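Quick caveat: nothing in here was measured; it's all calculated off a predicted structure. Any value given below was found using the heavy atoms of this structure, including those in side chains, with hydrogens, waters and symmetry copies removed.
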Amino acid sequence: MKFITDIQARINSMRSTDDGATAVEYGLMVSLIAVVIITAVALIGTNLDTMFDNVGTKIKTTP
């Protein structure tokens, strides 16, 4: 029984050393996803603005 307890203790100690690296990796992934979302929203916003301006112009010029 002591052998199993020792093995579990070693496994748990190995897991706890990876927590810092995992947090950094998740932080990097979240920041990259945020950059992609911000870029996509900016591009879509610009395209929508242009499209609505064109529609507004056509509505004004249509008799």
J.: So which residues get pulled into L43's cluster when ILVMFWY side chains under 4.5 Å apart are joined, directly or through others?
T.: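 Answer for L43: none, a lone residue.
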J.: So M51 and L48, do their side chains get closer than 4.5 Å, heavy atoms only?
T.: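 Contact flag for L48/M51 side chains = yes.
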J.: With a 4.5 Å cut-off on side-chain heavy-atom distances among I, L, V, M, F, W and Y, is there a chain of contacts connecting V30 to V24?
T.: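 Per the 4.5 Å side-chain linkage, V30 and V24 are not co-clustered.
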J.: Let me check something: any side-chain donor-acceptor pairs from residues 32-40 under 3.5 Å, sequence neighbours excluded? List them with distances.
T.:
{"from": "T39", "atom 1": "OG1", "to": "V35", "atom 2": "O", "distance (Å)": "2.8"}

J.: Nearest 0.5 angstrom please: N54 CG to I59 CD1, how far?
T.: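 The CG atom of N54 sits 11.0 Å away from the CD1 atom of I59.
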